[in-house]
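Values below: every heavy atom of this structure, side chains too, minus hydrogens, waters and symmetry copies.
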Amino acid sequence: MRYTQLGRTGLKVSRLVLGTMNFGPQTDEADSHAIMDAALDAGLNFFDTANVYGWGENKGRTEKIIGSWFAQGGGRRDKVVLATKVYGNMGPDGEAWPNHDKLSAVNIRRAVDASLKRLGTDYIDLYQFHHVDRATPFEEIWQAIDVLVQQGKILYAGSSNFPGYKIAQANEIAARRGGTIGLVSEQCLYNLAERRAEMEVIPAAQDYGLGVIPWSPLHGGLLGGVIKKEAEGGRRASGRAADTLADPVARKQIQAYEDLLEKHGLEPGETALAWLLTRPGVTGPIVGPRTREQLDSALRALELELSEELLASLDEIFPGPGPSPEAFAW
(Lines give C-alpha, C1' and ligand atoms only; values in the text may rest on other atoms or scores of the structure.)
Protein backbone atom coordinates (compact mmCIF):
# COMPACT_ATOMS: atom_id res chain seq x y z
CA MET A 1 0.00 0.00 0.00
CA ARG A 2 1.17 3.51 -0.77
CA TYR A 3 0.56 6.35 1.65
CA THR A 4 0.62 10.13 1.44
CA GLN A 5 -0.04 13.12 3.68
CA LEU A 6 -3.60 14.42 3.79
CA GLY A 7 -3.10 17.87 2.33
CA ARG A 8 -0.85 20.04 4.48
CA THR A 9 -1.39 17.93 7.61
CA GLY A 10 0.94 15.37 9.13
CA LEU A 11 -1.76 12.69 8.83
CA LYS A 12 -0.72 9.69 6.70
CA VAL A 13 -3.48 8.09 4.65
CA SER A 14 -3.64 5.35 2.03
CA ARG A 15 -3.85 6.37 -1.61
CA LEU A 16 -7.17 4.60 -1.91
CA VAL A 17 -10.09 5.52 0.33
CA LEU A 18 -12.65 2.90 1.34
CA GLY A 19 -16.10 4.33 0.66
CA THR A 20 -18.84 2.73 2.73
CA MET A 21 -21.99 4.11 1.08
CA ASN A 22 -23.07 0.63 -0.03
CA PHE A 23 -22.78 -0.85 3.47
CA GLY A 24 -26.35 -1.46 4.54
CA PRO A 25 -28.31 -0.59 1.40
CA GLN A 26 -26.53 -3.09 -0.89
CA THR A 27 -24.06 -5.02 1.28
CA ASP A 28 -25.17 -6.69 4.50
CA GLU A 29 -23.37 -6.27 7.80
CA ALA A 30 -21.36 -9.51 7.64
CA ASP A 31 -20.09 -8.83 4.13
CA SER A 32 -19.39 -5.20 5.02
CA HIS A 33 -17.25 -6.37 7.93
CA ALA A 34 -15.40 -8.79 5.64
CA ILE A 35 -14.66 -5.99 3.16
CA MET A 36 -13.35 -3.73 5.92
CA ASP A 37 -11.16 -6.54 7.26
CA ALA A 38 -9.76 -7.18 3.76
CA ALA A 39 -9.14 -3.46 3.24
CA LEU A 40 -7.26 -3.19 6.53
CA ASP A 41 -5.27 -6.34 5.76
CA ALA A 42 -4.21 -4.72 2.46
CA GLY A 43 -3.03 -1.62 4.34
CA LEU A 44 -5.93 0.61 3.33
CA ASN A 45 -6.37 2.84 6.39
CA PHE A 46 -8.64 5.69 5.20
CA PHE A 47 -12.38 4.95 5.59
CA ASP A 48 -15.07 7.41 4.48
CA THR A 49 -18.73 7.51 5.47
CA ALA A 50 -21.53 10.01 6.21
CA ASN A 51 -24.27 10.31 8.79
CA VAL A 52 -26.97 10.01 6.10
CA TYR A 53 -25.63 6.77 4.57
CA GLY A 54 -28.17 3.99 4.82
CA TRP A 55 -30.66 6.44 3.32
CA GLY A 56 -34.38 6.89 3.88
CA GLU A 57 -35.67 5.37 7.07
CA ASN A 58 -32.27 3.67 7.53
CA LYS A 59 -30.17 6.85 7.74
CA GLY A 60 -27.26 6.21 10.07
CA ARG A 61 -27.23 2.47 9.34
CA THR A 62 -23.82 2.61 7.64
CA GLU A 63 -22.19 4.33 10.61
CA LYS A 64 -23.68 1.65 12.89
CA ILE A 65 -22.17 -1.10 10.72
CA ILE A 66 -18.76 0.53 11.01
CA GLY A 67 -19.29 0.88 14.76
CA SER A 68 -20.09 -2.80 15.16
CA TRP A 69 -16.92 -3.61 13.20
CA PHE A 70 -14.83 -1.38 15.49
CA ALA A 71 -16.39 -3.16 18.48
CA GLN A 72 -14.75 -6.43 17.41
CA GLY A 73 -11.45 -4.98 18.65
CA GLY A 74 -8.09 -6.07 17.35
CA GLY A 75 -6.90 -2.48 17.02
CA ARG A 76 -9.41 -1.76 14.27
CA ARG A 77 -10.26 1.76 15.42
CA ASP A 78 -6.66 2.76 16.09
CA LYS A 79 -5.57 1.65 12.61
CA VAL A 80 -8.29 3.55 10.75
CA VAL A 81 -8.37 7.21 9.73
CA LEU A 82 -12.11 7.72 10.04
CA ALA A 83 -13.96 10.34 8.01
CA THR A 84 -17.67 11.10 8.22
CA LYS A 85 -19.90 13.98 7.15
CA VAL A 86 -22.54 16.38 8.43
CA TYR A 87 -25.21 18.41 6.60
CA GLY A 88 -28.09 16.17 5.58
CA ASN A 89 -31.49 15.90 7.19
CA MET A 90 -31.37 12.89 9.51
CA GLY A 91 -35.14 12.73 9.96
CA PRO A 92 -36.62 9.53 8.45
CA ASP A 93 -39.65 11.28 6.99
CA GLY A 94 -38.10 13.88 4.70
CA GLU A 95 -38.76 17.33 6.17
CA ALA A 96 -36.24 18.25 8.82
CA TRP A 97 -37.39 19.79 12.07
CA PRO A 98 -35.82 23.28 12.30
CA ASN A 99 -32.10 23.11 13.17
CA HIS A 100 -31.84 19.37 12.48
CA ASP A 101 -29.83 19.69 9.30
CA LYS A 102 -27.13 21.79 7.60
CA LEU A 103 -24.23 23.51 9.38
CA SER A 104 -25.58 25.64 12.19
CA ALA A 105 -23.60 25.36 15.42
CA VAL A 106 -26.52 23.62 17.09
CA ASN A 107 -26.83 20.98 14.36
CA ILE A 108 -23.08 20.38 14.17
CA ARG A 109 -23.07 19.75 17.93
CA ARG A 110 -26.07 17.43 17.70
CA ALA A 111 -24.83 15.59 14.61
CA VAL A 112 -21.31 14.87 15.82
CA ASP A 113 -22.58 13.38 19.08
CA ALA A 114 -25.03 11.18 17.17
CA SER A 115 -22.31 10.01 14.75
CA LEU A 116 -19.93 9.21 17.62
CA LYS A 117 -22.62 7.09 19.25
CA ARG A 118 -23.40 5.17 16.05
CA LEU A 119 -19.72 4.69 15.26
CA GLY A 120 -18.91 3.51 18.77
CA THR A 121 -15.90 5.78 19.08
CA ASP A 122 -14.97 8.88 21.03
CA TYR A 123 -13.39 10.82 18.16
CA ILE A 124 -13.61 11.35 14.40
CA ASP A 125 -10.39 11.98 12.51
CA LEU A 126 -11.89 14.00 9.63
CA TYR A 127 -15.27 15.70 9.99
CA GLN A 128 -16.51 16.87 6.59
CA PHE A 129 -19.15 19.40 5.57
CA HIS A 130 -21.22 17.41 3.07
CA HIS A 131 -22.42 20.51 1.20
CA VAL A 132 -22.26 24.28 1.29
CA ASP A 133 -24.66 25.87 3.77
CA ARG A 134 -25.58 29.22 2.24
CA ALA A 135 -27.41 30.37 5.37
CA THR A 136 -24.69 29.82 8.00
CA PRO A 137 -21.61 32.07 8.13
CA PHE A 138 -18.22 30.40 8.36
CA GLU A 139 -17.52 32.33 11.56
CA GLU A 140 -20.26 30.28 13.24
CA ILE A 141 -19.15 27.03 11.62
CA TRP A 142 -15.53 27.47 12.71
CA GLN A 143 -16.56 28.39 16.23
CA ALA A 144 -18.49 25.11 16.46
CA ILE A 145 -15.58 23.15 14.99
CA ASP A 146 -13.08 24.77 17.37
CA VAL A 147 -15.16 23.60 20.32
CA LEU A 148 -15.27 20.03 18.98
CA VAL A 149 -11.51 20.01 18.47
CA GLN A 150 -10.97 21.32 22.02
CA GLN A 151 -13.29 18.60 23.32
CA GLY A 152 -11.30 15.96 21.40
CA LYS A 153 -14.35 14.86 19.41
CA ILE A 154 -12.80 15.66 16.02
CA LEU A 155 -9.24 16.24 14.82
CA TYR A 156 -9.59 17.83 11.37
CA ALA A 157 -12.31 19.44 9.24
CA GLY A 158 -12.85 18.98 5.52
CA SER A 159 -15.33 19.97 2.84
CA SER A 160 -17.28 18.07 0.22
CA ASN A 161 -18.92 19.40 -2.93
CA PHE A 162 -17.54 22.91 -2.34
CA PRO A 163 -16.82 25.28 -5.23
CA GLY A 164 -13.37 26.83 -5.34
CA TYR A 165 -14.48 30.21 -4.00
CA LYS A 166 -16.07 28.61 -0.93
CA ILE A 167 -12.83 26.73 -0.18
CA ALA A 168 -11.02 30.06 -0.31
CA GLN A 169 -13.65 31.84 1.75
CA ALA A 170 -13.70 29.14 4.43
CA ASN A 171 -9.94 29.13 4.86
CA GLU A 172 -9.53 32.90 4.75
CA ILE A 173 -12.09 33.26 7.54
CA ALA A 174 -10.38 30.48 9.49
CA ALA A 175 -7.04 32.30 9.13
CA ARG A 176 -8.55 35.60 10.33
CA ARG A 177 -10.06 33.92 13.38
CA GLY A 178 -6.80 32.19 14.28
CA GLY A 179 -6.47 29.05 16.35
CA THR A 180 -7.73 26.72 13.62
CA ILE A 181 -6.06 25.28 10.53
CA GLY A 182 -9.25 25.44 8.49
CA LEU A 183 -10.20 22.93 5.82
CA VAL A 184 -7.62 20.21 5.18
CA SER A 185 -9.43 18.28 2.43
CA GLU A 186 -12.06 18.58 -0.28
CA GLN A 187 -14.13 15.62 -1.45
CA CYS A 188 -15.39 16.31 -4.96
CA LEU A 189 -16.82 14.66 -8.06
CA TYR A 190 -13.79 14.04 -10.27
CA ASN A 191 -12.97 11.39 -12.84
CA LEU A 192 -11.94 10.98 -16.48
CA ALA A 193 -15.45 11.74 -17.73
CA GLU A 194 -16.08 14.63 -15.32
CA ARG A 195 -13.09 16.98 -15.11
CA ARG A 196 -14.69 20.33 -14.29
CA ALA A 197 -13.04 20.24 -10.85
CA GLU A 198 -9.76 21.03 -12.64
CA MET A 199 -11.01 24.55 -13.42
CA GLU A 200 -11.43 25.94 -9.90
CA VAL A 201 -11.83 23.33 -7.16
CA ILE A 202 -8.50 21.55 -7.48
CA PRO A 203 -6.45 24.76 -7.98
CA ALA A 204 -8.07 26.24 -4.87
CA ALA A 205 -7.42 23.05 -2.91
CA GLN A 206 -3.77 23.04 -3.97
CA ASP A 207 -3.26 26.72 -3.13
CA TYR A 208 -4.76 26.27 0.34
CA GLY A 209 -3.08 22.93 1.05
CA LEU A 210 -6.17 20.70 0.93
CA GLY A 211 -5.98 17.06 -0.03
CA VAL A 212 -8.37 16.19 -2.88
CA ILE A 213 -10.52 13.08 -2.39
CA PRO A 214 -12.43 12.29 -5.61
CA TRP A 215 -15.79 10.56 -5.28
CA SER A 216 -17.44 8.50 -8.04
CA PRO A 217 -14.09 7.70 -9.71
CA LEU A 218 -15.88 5.42 -12.20
CA HIS A 219 -18.65 7.98 -12.79
CA GLY A 220 -21.43 5.70 -11.64
CA GLY A 221 -19.94 2.67 -13.44
CA LEU A 222 -19.57 4.46 -16.77
CA LEU A 223 -15.78 4.00 -16.73
CA GLY A 224 -15.88 0.40 -15.55
CA GLY A 225 -16.32 -1.30 -18.92
CA VAL A 226 -20.07 -0.82 -19.02
CA ILE A 227 -20.55 -1.32 -22.79
CA LYS A 228 -18.56 -4.55 -22.80
CA LYS A 229 -20.49 -5.82 -19.78
CA GLU A 230 -23.80 -5.08 -21.49
CA ALA A 231 -22.67 -6.92 -24.63
CA GLU A 232 -21.71 -9.94 -22.53
CA GLY A 233 -25.09 -9.99 -20.80
CA GLY A 234 -23.80 -8.58 -17.54
CA ARG A 235 -25.22 -5.88 -15.31
CA ARG A 236 -26.79 -3.10 -17.34
CA ALA A 237 -25.93 0.53 -16.79
CA SER A 238 -28.16 2.52 -14.46
CA GLY A 239 -28.32 6.00 -13.02
CA ARG A 240 -25.64 8.42 -14.24
CA ALA A 241 -24.07 5.82 -16.53
CA ALA A 242 -27.35 4.97 -18.28
CA ASP A 243 -28.20 8.64 -18.76
CA THR A 244 -24.81 9.28 -20.35
CA LEU A 245 -24.95 6.26 -22.66
CA ALA A 246 -28.32 7.43 -23.97
CA ASP A 247 -26.41 10.22 -25.74
CA PRO A 248 -24.91 8.78 -28.99
CA VAL A 249 -21.90 11.12 -28.83
CA ALA A 250 -21.11 10.15 -25.23
CA ARG A 251 -21.59 6.46 -26.02
CA LYS A 252 -19.07 6.75 -28.86
CA GLN A 253 -16.63 8.36 -26.42
CA ILE A 254 -17.00 5.52 -23.90
CA GLN A 255 -16.62 2.96 -26.67
CA ALA A 256 -13.36 4.60 -27.75
CA TYR A 257 -12.18 4.44 -24.12
CA GLU A 258 -12.96 0.74 -23.81
CA ASP A 259 -11.36 -0.03 -27.19
CA LEU A 260 -8.18 1.82 -26.19
CA LEU A 261 -7.82 -0.12 -22.97
CA GLU A 262 -8.57 -3.44 -24.64
CA LYS A 263 -5.72 -2.67 -27.04
CA HIS A 264 -3.41 -2.15 -24.04
CA GLY A 265 -4.74 -5.18 -22.16
CA LEU A 266 -6.04 -3.08 -19.27
CA GLU A 267 -9.24 -3.22 -17.23
CA PRO A 268 -11.29 0.00 -17.57
CA GLY A 269 -12.19 0.42 -13.91
CA GLU A 270 -8.65 -0.16 -12.68
CA THR A 271 -7.29 2.25 -15.27
CA ALA A 272 -9.76 4.98 -14.29
CA LEU A 273 -8.55 4.72 -10.69
CA ALA A 274 -4.90 4.62 -11.73
CA TRP A 275 -5.44 7.77 -13.84
CA LEU A 276 -6.75 9.67 -10.80
CA LEU A 277 -3.64 8.62 -8.86
CA THR A 278 -1.54 10.47 -11.46
CA ARG A 279 -3.45 13.74 -11.08
CA PRO A 280 -1.86 16.68 -9.24
CA GLY A 281 -3.32 17.34 -5.81
CA VAL A 282 -5.20 14.04 -5.52
CA THR A 283 -4.79 12.29 -2.18
CA GLY A 284 -6.73 9.21 -3.20
CA PRO A 285 -10.03 8.31 -4.88
CA ILE A 286 -12.92 6.81 -2.95
CA VAL A 287 -13.78 3.26 -3.94
CA GLY A 288 -17.17 1.94 -2.83
CA PRO A 289 -17.10 -1.83 -3.22
CA ARG A 290 -20.27 -3.86 -2.86
CA THR A 291 -18.23 -7.09 -2.85
CA ARG A 292 -14.77 -8.36 -1.93
CA GLU A 293 -14.03 -8.87 -5.64
CA GLN A 294 -14.65 -5.19 -6.36
CA LEU A 295 -12.26 -4.25 -3.56
CA ASP A 296 -9.56 -6.55 -4.98
CA SER A 297 -9.98 -4.93 -8.40
CA ALA A 298 -9.59 -1.46 -6.90
CA LEU A 299 -6.43 -2.49 -5.06
CA ARG A 300 -4.89 -3.67 -8.33
CA ALA A 301 -5.09 -0.10 -9.60
CA LEU A 302 -2.28 0.80 -7.20
CA GLU A 303 0.05 -1.46 -9.16
CA LEU A 304 -0.65 0.08 -12.56
CA GLU A 305 1.90 2.37 -14.21
CA LEU A 306 0.25 4.29 -17.04
CA SER A 307 2.58 5.25 -19.87
CA GLU A 308 2.81 8.81 -21.15
CA GLU A 309 1.44 7.55 -24.46
CA LEU A 310 -1.63 6.08 -22.77
CA LEU A 311 -2.17 9.19 -20.65
CA ALA A 312 -2.05 11.31 -23.80
CA SER A 313 -4.57 9.02 -25.50
CA LEU A 314 -6.90 9.28 -22.51
CA ASP A 315 -6.66 13.07 -22.70
CA GLU A 316 -7.67 12.91 -26.36
CA ILE A 317 -10.78 10.91 -25.51
CA PHE A 318 -11.63 12.88 -22.37
CA PRO A 319 -10.09 16.33 -22.80
CA GLY A 320 -9.95 18.34 -19.61
CA PRO A 321 -11.04 21.98 -19.47
CA GLY A 322 -7.45 23.25 -19.48
CA PRO A 323 -5.76 25.59 -17.01
CA SER A 324 -7.73 28.19 -15.09
CA PRO A 325 -8.61 30.96 -15.89
CA GLU A 326 -7.74 30.41 -19.57
CA ALA A 327 -10.25 27.56 -19.76
CA PHE A 328 -13.13 29.99 -19.40
CA ALA A 329 -11.61 33.45 -19.90
CA TRP A 330 -10.66 33.14 -23.58
Side-chain angles (χ1 to χ4, degrees), residues 1-7 12-21 39 42-48 81 83 126 128 158-162 164 167 185-206 210-226 240-241 244 253-254 257-258 260-261 264 266-289 294-324:
M1 180 59 62
R2 289 183 281 159
Y3 299 90
T4 189
Q5 308 297 121
L6 179 62
K12 292 183 179 179
V13 294
S14 51
R15 294 225 61 201
L16 285 182
V17 184
L18 181 67
T20 62
M21 187 171 66
L44 198 160
N45 76 333
F46 197 3
F47 289 18
D48 177 75
V81 174
L126 178 64
Q128 301 163 109
S159 57
S160 181
N161 305 306
F162 272 35
I167 291 172
S185 63
E186 160 60 18
Q187 188 176 135
C188 60
L189 175 60
Y190 183 38
N191 55 57
L192 266 168
E194 175 49 84
R195 296 178 61 172
R196 285 178 292 178
E198 294 175 358
M199 294 177 69
E200 292 283 353
V201 174
I202 292 174
Q206 288 183 285
L210 279 65
V212 175
I213 308 169
W215 62 266
S216 195
L218 304 189
H219 208 54
L222 188 70
L223 300 171
V226 64
R240 185 184 299 118
T244 303
Q253 185 183 41
I254 299 302
Y257 167 70
E258 293 188 16
L260 172 68
L261 299 186
H264 285 266
L266 296 170
E267 290 294 325
E270 294 168 17
T271 303
L273 289 172
W275 178 82
L276 278 169
L277 292 169
T278 71
R279 305 309 299 165
V282 168
T283 300
I286 298 174
V287 297
Q294 290 178 341
L295 174 63
D296 291 341
S297 175
L299 291 169
R300 286 194 292 272
L302 293 167
E303 303 168 6
L304 290 184
E305 294 289 341
L306 305 184
S307 68
E308 292 299 323
E309 175 192 0
L310 179 57
L311 290 171
S313 296
L314 290 171
D315 275 337
E316 289 179 7
I317 296 172
F318 299 108
S324 176

task = Would you check if Leu218 and Asn191 make a side-chain contact, meaning some heavy-atom pair closer than 4.5 Å?
result = no
Considering only heavy atoms from C-beta outward, does the side chain of Leu266 approach that of Leu310 to under 4.5 Å?
-> yes
Next on the checklist: Are the side chains of Tyr257 and Leu314 in contact, using a 4.5 Å heavy-atom criterion?
Outcome noted: yes
For Ser185 and Leu126 the tightest heavy-atom approach is OG-CD2, 3.5 Å
Arg196, CZ: over 12 other non-hydrogen atoms inside 6.0 angstrom = no
When every non-hydrogen atom of Pro289 is compared with those of Gly19, the smallest separation belongs to CD-O, 3.9 Å
* So, Glu198 side chain and Pro323 main chain: donor-acceptor pair closer than 3.5 Å or not? -> no
*asked:* Contact between Asp48 and Ile213 at the side-chain level, heavy atoms closer than 4.5 Å - yes or no?
replied: no
Subject >> Glu194 side chain vs His219 backbone, donor-acceptor pair below 3.5 Å >> reply: no
Residue pairs passing the side-chain hydrogen bond (donor to acceptor under 3.5 Å, both in side chains) test with at least one member in residues 301-321, sequence neighbours excluded, are Arg195-Asp315
Ala274 meets the side-chain contact (heavy atoms from CB on, under 4.5 Å) criterion, sequence neighbours left out, with Leu304, Leu306
So the side-chain hydrogen bond (donor to acceptor under 3.5 Å, both in side chains) pairs with at least one residue in residues 266-286 (sequence neighbours excluded) are Tyr190-Arg279, Glu270-Ser297, Glu270-Arg300
Closest non-hydrogen atoms of Gly164 and Val201, given as atom of the first, atom of the second and distance, are N-CG2, 3.9 Å
Review point. Do Phe318 and Leu223 touch side chain to side chain, with heavy atoms closer than 4.5 Å?
Key: yes
Under 3.5 Å: donor-acceptor pair, side chain of Ser159, backbone of Gln128: no
Here the pair of heavy atoms bringing Leu299 nearest to Ala42 is CD1-CB, 3.7 Å
On a heavy-atom basis, the closest approach of Gln294 and Gly288 is OE1-O, 4.5 Å
Q. Considering only heavy atoms from C-beta outward, does the side chain of Val17 approach that of Gln187 to under 4.5 Å?
A. no
Rounding to 0.5 Å, atoms OG (Ser160) and CD1 (Ile286) come to a distance of 7.5 Å
Heavy-atom nearest pair, Leu192 first then Ala272, reads CD1-CA, 4.4 Å
If only atom types and distance count, is the side chain of Asn45 paired as donor or acceptor with the main-chain N or O of Ser14 below 3.5 Å? yes
* **Side chains of Leu44 and Met1 in contact at under 4.5 Å (non-hydrogen atoms)** => yes
Contact between Val282 and Pro214 at the side-chain level, heavy atoms closer than 4.5 Å - yes or no? yes
Value for OH (Tyr3) from NZ (Lys12), rounded to nearest 0.5 Å, stands at 10.0 Å
Taken to the nearest 0.5 Å, the spacing of Arg15 CZ from Leu302 CG works out to 8.5 Å
